[in-house]
Amino acid sequence: MRKIIRNGTIVTASDTYRADILIEEGRVAAIGKNLEHAGEDAEVIDAEGNYIFPGGVDPHTHLEMPFGGTVSKDDFETGTIAAAFGGTTTLIDFCLTDKGEPLKTAIDTWHAKSREKAVIDYSFHLMIGEINEEVLKQLPEVIDKEGITSFKVFMAYKNVFQADDETLFRTLVAAKDLGALVMVHAENGDVIEFLTEKALSEGNTDPIYHALTRPPELEGEATGRAATLTGLADSQLYVVHVSCAEAVDQIASARSKGLNVWGETCPQYLVLDQSYLERPNFEGAKYVWSPPLREKWNQEVLWNALKSGQLQTLGSDQCSFDFEGQKDLGKGDFTKIPNGGPIIEDRVSILFSEGVDKGRISLNQFVDIMSTRSAKLFGLYPKKGTIAVGSDADLVIFDPNAERILSADTHHMAADYNPFEGMKVKGEPVSVLSRGEFVVENKQFTGKTGMGKYIKRAKYGHQLEENGAFQSANS
Ligand code: URP
Ligand code: ZN
Ligand code: ZN
């Protein structure tokens, strides 16, 4: 059925204006001031007083991921439902690989966990843990058949996911040839391993030592190293979850030299700080991420980097664990606390409330950061990430004046706590459409599990069109 959204204010990464949106067959069919005739037989949605944003694109999630001796709590069902409530309509999840295993096996595992469950559209990044002739042979198929055009290399988590510099460099070289974007978790895993063993041997086992053994210098060093290797390979790099000034400086310096280096931060680094890890009764474990939360002054550095464009995107790094039964695996040994938290639902609202409402970024920058730029960098644009004729009707009707308190009592994520518990935010998604269908209507879930589709993405620097990709300098 056709739908028409009337009386709302459309906001894209470049424009803010009042117009109606006509939706046909899941796409935006027309945008204009007088669409009365075009929409005669259409269901009318009144968006008076609300903004209409393109659905959020979350470039960084770990749903149902085996990690830290357990499995992240939110799966593709609860995780995508929560994402939708929060105004996100597309996510890109990290597909883990095992050394020696065909890449296709790992990708099939990720398809199996998502296919029947997702309520919003999704895609995958692929982890590269080793590079050899066997792996190199498989990469063209990963890109051309699976539409996976981003590879992830971990520079930390020694003896688990960590890859060496040769692997990173060869991945960068291959990505340059194949048209993929290389993503890095940038921390110096070798030195962290040394500092961690030292802390434990000295009896320092509390959650705060997670932060103290991963100092910001080690994030800055790894970020600079990855950027240098990117320049040498004349390739392209996306640094995930940037948490501190040291890493921002390295990204800014690489960009000032003309390198293709991009950076993402996450809501937790914008509003929480290292002191949370010192909370009593082991509550500090709720705030264990890698990289760790930093000293508070870094928050303003990150906001300024978003504003100035040195960082371009906001990922949730959704990787949730219950406090009871999962985070508490690390009682008496901080290295056993599973790293990560439930963020997917609050990513957009925190950026709007702390960013736009507090005057740190403009409304159009907000849309760029929470949706458009990720869509462009990861080969989803203009199908996703904007409101334009022909784009998927992934839309968020957003009340900018609603006030509410973030809490585990009201969130839709499966985890038993919310790291932003008690935080007041301004602004709330009221209704969310995915390809023209309501997933959330007037704050009620109306979607169906399995309605989310897997999206094959275009190569780096290309646009995603229904009938194939074409070259563009849009990134
Ligand atoms: O602590 C984090 N960030 N957990 C998720 C895995 C990762 O490193 O992104
Ligand atoms: Zn990471
Ligand atoms: Zn992550």
Side-chain angles (χ1 to χ4, degrees), residues 58-75 79 83 91-97 110 122-129 150-163 168 182-189 192-193 196 207 209-211 213-214 216 218-219 222-223 226 237-244 247 263-270 272 274 276-277 284-294 302 313-323 326-327 329-330 334-344 347 374 378 413 415 417 419:
D58 189 339
H60 185 160
T61 69
H62 306 276
L63 298 173
E64 201 186 330
M65 185 180 87
F67 189 39
T70 181
V71 177
S72 63
K73 183 79 193 282
D74 281 281
D75 63 9
L91 60 80
I92 316 179
D93 200 75
F94 285 96
C95 171
L96 297 184
T97 55
W110 247 252
Y122 59 96
S123 189
F124 305 143
H125 309 290
L126 187 76
M127 173 191 162
I128 302 289
S150 43
F151 304 142
K152 169 79 174 288
V153 177
F154 287 93
M155 300 172 79
Y157 302 127
K158 196 168 166 71
N159 302 323
V160 186
F161 299 143
Q162 187 174 326
L168 173 56
V182 177
M183 311 169 78
V184 281
H185 172 133
E187 287 185 293
N188 184 322
I192 288 168
E193 180 73 3
T196 300
Y209 286 95
H210 174 78
T213 54
R214 308 180 88 97
L218 297 184
E219 186 181 338
T223 304
L237 181 77
Y238 177 99
V239 185
V240 302
H241 50 42
V242 172
S243 73
C244 60
E264 163 203 280
T265 189
C266 309
Q268 56 272 33
Y269 303 119
L270 293 172
L272 306 177
Q274 188 179 297
Y276 283 72
L277 281 98
K286 293 178 178 175
Y287 305 95
V288 165
W289 281 275
S290 294
L293 298 177
R294 303 299 189 186
L302 296 173
T313 65
L314 190 73
S316 67
D317 195 5
Q318 165 76 18
C319 190
S320 63
F321 300 99
D322 277 338
F323 180 57
Q326 293 191 292
K327 286 281 185 180
L329 293 170
F334 69 89
T335 65
K336 298 201 165 61
I337 301 168
N339 293 194
I343 307 280
I344 201 164
R347 180 184 73 104
S374 291
F378 292 106
M413 296 176 282
Y417 74 97

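Order of appearance sets the numbers: ligands from 1, and atoms from 1 within every ligand.
Considering all non-hydrogen atoms of both residues, Arg294 and Pro216 come closest at NH1-N, 3.3 Å. Scanning both residues, Ala415 and Asp74, for their nearest heavy atoms gives N-OD2, 3.8 Å. Summarising the geometry of Phe67 relative to Asn339, their closest heavy-atom pair is CE2-O, 3.4 Å, with the distance given to 0.1 Å. Pro59 and Glu264 make their closest contact through CG-OE1, 3.6 Å (heavy atoms, listed as atom of the first residue, atom of the second, distance). Nearest heavy-atom pair, Leu277 versus Val288, reported as atom, atom and distance to 0.1 Å: CD2-CG2, 3.8 Å.
Here the Zn ion (ligand 2) has protein N, O or S atoms under 2.8 Å from it, and they come to 2.
Aromatic ring pairs are classed by plane angle as parallel below 30°, tilted from 30° to 60° and perpendicular above 60°; the pair His210 and Phe334 is perpendicular. Ring geometry for Phe154 versus His185: interplanar angle of 30 to 60°, hence tilted. Ring geometry for Phe94 versus His60: interplanar angle over 60°, hence perpendicular rather than tilted (30 to 60°).
Taking all heavy atoms of Tyr157, Phe67, Phe161, Phe154 into account, the minimum distance to atom 8 (O) of ligand 1 is reached by Tyr157.
Distances from the Zn ion (ligand 3) show that Cys319 has no N/O/S atom below 2.8 Å.
Counting only N and O atoms by type, the side chains of Trp289 and Asp317 include no donor and acceptor under 3.5 Å apart. Side-chain polar atoms of Gln318 and Asp58 form no donor-acceptor pair below 3.5 angstrom. At a cut-off of 3.5 Å, with distance as the only test, no side-chain donor of Tyr122 or Thr61 sits close to an acceptor on the other residue.
If you check which protein heavy atom lies closest to atom 5 (C) of ligand 1, you get Asp317 OD1, 3.5 Å. Residue, atom and distance of the protein heavy atom nearest to atom 1 (O) of ligand 1 are Ser290 N, 2.8 Å. The closest protein non-hydrogen atom to atom 4 (N) of ligand 1 is Asn339 O, 3.1 Å.
Counting the atoms of ligand 1 from 1 in the order shown, those under 4.0 Å from a heavy atom of Cys319 are 5 (C). Within ligand 1, the atoms closer than 4.0 Å to a non-hydrogen atom of His185 are 8 (O), numbered from 1 in the order shown. Near Trp289, meaning under 4.0 Å from one of its heavy atoms, ligand 1 places the atoms 1 (O).
Of all N, O or S atoms in His60, the one lying closest to the Zn ion (ligand 3) is NE2.
Ligand 1 has no atom lying under 4.0 Å from any heavy atom of Met65.
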